[in-house]
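Below, chains carry the letters A, B, ... as their sequence lines are ordered, and counting in each starts from 1.
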Amino acid sequence: MAQTYDHQAVEAKWQAHWEQAGLFHIQEDPTTPKYYCLEMFPYPSGRIHMGHVRVYAIGDVVARYKTMRGFHVLHPMGWDAFGLPAENAAIEKGVHPNVWTRDNVAYMKRQLRRMGLSYDWDREVNTSQPDYYRWNQWIFIKMVERGLAYRKRSAVNWCPSCETVLANEQVLAQEGKDGGVCWRCESVVIQKELEQWFFRITHYAQELLDGCDQLTSWPARVLAMQRHWIGRSQGVEVDFPVADPRDGVAAIRIFTTRPDTIHGATFMSVAPESPLVEQLIEGRAEAAAVRAFVERVSRLDKATRTAVDREKEGIFTGAYAMNPFTQERIPIWVANFVLYEYGTGAIMAVPAHDQRDFEFAKQYDIPIRLVIQNPEATLVPDALDEAYVEQEQAGTLVNSDIFTGLSVAAAKHAIGEHVETQGWGTRTVNFRLRDWGISRQRYWGTPIPMLYCESCGLVPVPENQLPVLLPEDVPFTGKGGSPLKESPSFAKATCPTCGGTARRETDTMDTFVDSSWYFLRYCSPKDMTQPVNPEAAKHWMAVDQYVGGIEHAVLHLLYARFFTKVLRDLGLTTVDEPFVHLLTQGMVTKETYWCEEHRWVLPSDTKKEEGERLCAQCGKVIVTGRTEKMSKSKKNIASPEDLCDRYGADTARLFSLFAAPPEKDLEWSDTGVEGCSRFLNRVWRLVHEQLPVICEAHGKSGSDPSELLTGLQRVTHHTIQRVTADLERDFQFNTAIAALMEFVNQLYKLLKDYPAAALTVDERAGWREALECLLLLLAPFAPHLAEELWEAVGHTASLVRESWPSYNPESLVSAEWTIPIQVNGKLRSKISVSAGSSKDHIIAIAQSDTKLIEWLQGKTPRKVIYVEQKLVNFVI
RNA sequence: GCGAGAGUGGCGGAACUGGCAGACGCGCAAGACUUAGGAUCUUGUGGGUAAACCGUGGGGGUUCAAGUCCCCCCUCUCGCACCA
């Protein structure tokens, strides 16, 4: 018998078998419960990387496990196929994005097949194909009709490298960079004033926030990030009348969450972009200086200007407003930290109780008036070195007219009410969330199905003219601007309303639109009449288990939740939330190597000499860098293809699941991979060595169950229990696999201790049960090997159709208990008693234990603690 | 600063409701089988020569018993960062 099995042949054999038998093809089945298992679909960048291996291995174990548990499991796969790399390839290499994408999809699909993943490929979707993106357009038009898609001119994020607009969610913070950076290329993003299409995600802000409470099986940090991103603030809008009113500015409306501090407002601040500024300064002596300030501030990009450590800067407009509560004249300033897009773009400034206002007041010598007193330590206004920003529970109002003496909480309520009864304003709620800008000035995306007619204005493309196809005659120059403009055939159109000439919208949609509803499309991927078949969606939705990277915590996951609500309101689905359980898997990381001369180097370009790692080229000492996410530039990648060639898909899967809990980072280790490969070979040899034992039925029939038989049964059923519990409890794959390894170790021990020749018929049956359970339990993790051995032990049907084994609690019962004996809480001995022994009996046995007698030194224990089946503790 | 999470052997990591700390794997050591092996198998492996004792980031506390509960502190990772 070979000592290692031929994984190449075995894996190819079963992949072909599964496919030919159509074992992963799934249909609605009213007789069994459904389960929808989904992993985030990949962008077809060219090759599968280890991150893909990990996420798809996780998903596949879930899908296979749930299938064995009797669910009919929807486990689809597809391609998030629109995106910039395809277009860049067109610019650089002259290959059409469609061709580039198609080739990549074909290659990556082969790679995924090689991993033995249980996908229903009949449901494959590809977002770059008209049969998919036409429904983006359809949904877009429905959203236009409902006012959920609209066009507006505003300052937007612009990535100079990708030459396109980005949504707020796609601008990320990066250390060392002043501004935000592009999510894709990490270039610093700038601001541009443009007219663009937006999705009114803010319409669902409250529901998106409330929905977080239902998502109890999502990681806390993802929910925290979403809640923060949505950013709900409850407060009051108040009009501050302008002291000498001018045209169109009778009052300045502010938003505050701290109406309780309103008596302490000693000035106001307006955002530099606000049109109020010009209205306030016109004709004043201050006008020129203010304009210069605004000009200077607005040259900076927003992220820089609003960085928290940036100095507070401002300028007095010359105008005054009246605090409606105190009737005082307070100066109106323009301040760099006030955001035009948030609230009303203007604030009342309470330096005593807001840190920003405090710093501003200090700098410009504006009075600071204390209106909240700390009851525990009396604050002296002149001695403040920071604003007193107390919590709700502490603080009492002072210097606040009739509100003096109220608690902060009571004052918030009372003053809010007063504002409303006086007609000065209203209580209101503000969100941090902004509408989603979806226009992209790129080619490889969904054309926005809108027309600009000279006489009718904006006109949606009629439904029966969809899809608006991407034109082929587009030159890829890389010189920027929407490439669709360059198509001679595309831009010109006929207005469906008046028949006159119209111009097509030449921007395309953000690719995040595509991925915002693909999970719904999988329910009825071939429906040519609608994006989602409501019946199919009703059957399959919501996704029971979603698996993907944490990097989408606010991007894709927020957009997908939004789209689900939109499609629900269009009657296409009945669920409010798309994903019930969310597993965010960690990154795959690896050590990096740095050579002074050759920079980052591949492990294979280094050599080890006398315990030191040297550069193979120049012989210099290699510095071992940080363990980081695998990346080509850091040269710390491991190739899934090499891995499959050398060890096989089962080993690759097993290692990705074993080396770390799924949500944590996984540090790549070549020796760890070998360990997993060794384990699979051990399973292979174990089963083959025992084939004669389990396949031949000779031997006498035993009378009572032998020690071997009860041992086999106990370890078998105990393993079933452990593996099942580990999978049921948050998919603890690493400990489930550890349990399987222990199982195999124990079986080898029994193999050694009980020679095959002497076995009874019952014992042979016990061995068969043990080995078959091993294969069943192993099947979701290492499906090829499990199938091969399942066949070897005599089965003809695929393991895919087998049920998950259940354990018999009686088999777990051991004839003996081993009870640890403690003295004063420290382990001193262990005793063995027959199972079911009474407390008194166990204590008596313990007291006669020689080791214990030594430890007790003749003293009588003050107290004896006995925990059922757990331990005895003598306190002396 | 705010939010989330994490600190356990040489390493990755176990330890469900307080109850034998270190499962499983890697690495290491010794041995067996081998012409040989980086194959395979067996044994050992927290520190301490050793029993004692010490050990879960540090310091207190509760308890018969603490990695686990309570209080204080430190470090690291990730996310958000002037949102009024």
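- In this structure H717(A) satisfies the ring-ring contact (aromatic ring centres under 6.0 Å, His included) test with no other residue, sequence neighbours excluded.
- Taking the ring-ring contact (aromatic ring centres under 6.0 Å, His included) definition, one finds that W424(A) meets it with F325(A), H418(A), sequence neighbours left out.
- Partners of E169(A) by side chain to side chain donor-acceptor pair (under 3.5 Å), not counting sequence neighbours, listed by chain and number: W229(A), Y559(A).
- For W218(A), the ring-ring contact (aromatic ring centres under 6.0 Å, His included) test picks out no residue, with sequence neighbours left out.
- Between L747(A) and L686(A) there is a side-chain heavy-atom pair separated by less than 4.5 Å.
- Here E674(A) pairs with nothing under the salt bridge (charged side-chain N to carboxylate O under 4.0 Å, His left out) rule; sequence neighbours left out.
- Nucleotide C83(B) holds its C1' atom 12 Å from the CZ atom of F337(A), rounded to whole Å.
- Taking Q8(A) as the reference, nothing meets the side chain to side chain donor-acceptor pair (under 3.5 Å) condition, with sequence neighbours excluded.
- In this structure, the side chain to side chain donor-acceptor pair (under 3.5 Å) partners of D849(A), at least two apart in sequence or on a different chain, are S829(A).
- Listed by chain and number, the residues in a salt bridge (charged side-chain N to carboxylate O under 4.0 Å, His left out) with R432(A) amount to none (sequence neighbours excluded).
- The distance from atom CH2 of W684(A) to atom C1' of C41(B) is 20 Å, rounded to the nearest whole Å.
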Open item on the list: For nucleotides 15-25 of chain B, give me one character per nucleotide, 5' to 3': B if any protein heavy atom sits under 4.0 Å from the base, S if the only such contacts are to the sugar-phosphate, - if neither.
Closed with: S---BB--BBS
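- In this structure, P661(A) reaches the sugar-phosphate backbone alone: every heavy-atom distance under 4.0 Å involves primed, P, OP1 or OP2 atoms, never a base.
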Task: 5'-to-3' dot-bracket of RNA chain B (Watson-Crick, G-U; under 3.5 angstrom; crossing pairs as [ ]; | other strand) - done: (((((((..(((......[....)))((((((.......))))))((.....))..(((((..]....))))))))))))....
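- Taking the salt bridge (charged side-chain N to carboxylate O under 4.0 Å, His left out) definition, one finds that D726(A) meets it with R729(A), sequence neighbours left out.
- Within residues 256-269 of chain A, the residues approaching RNA chain B are T256(A), T257(A), R258(A), by heavy-atom distance under 4.0 Å.
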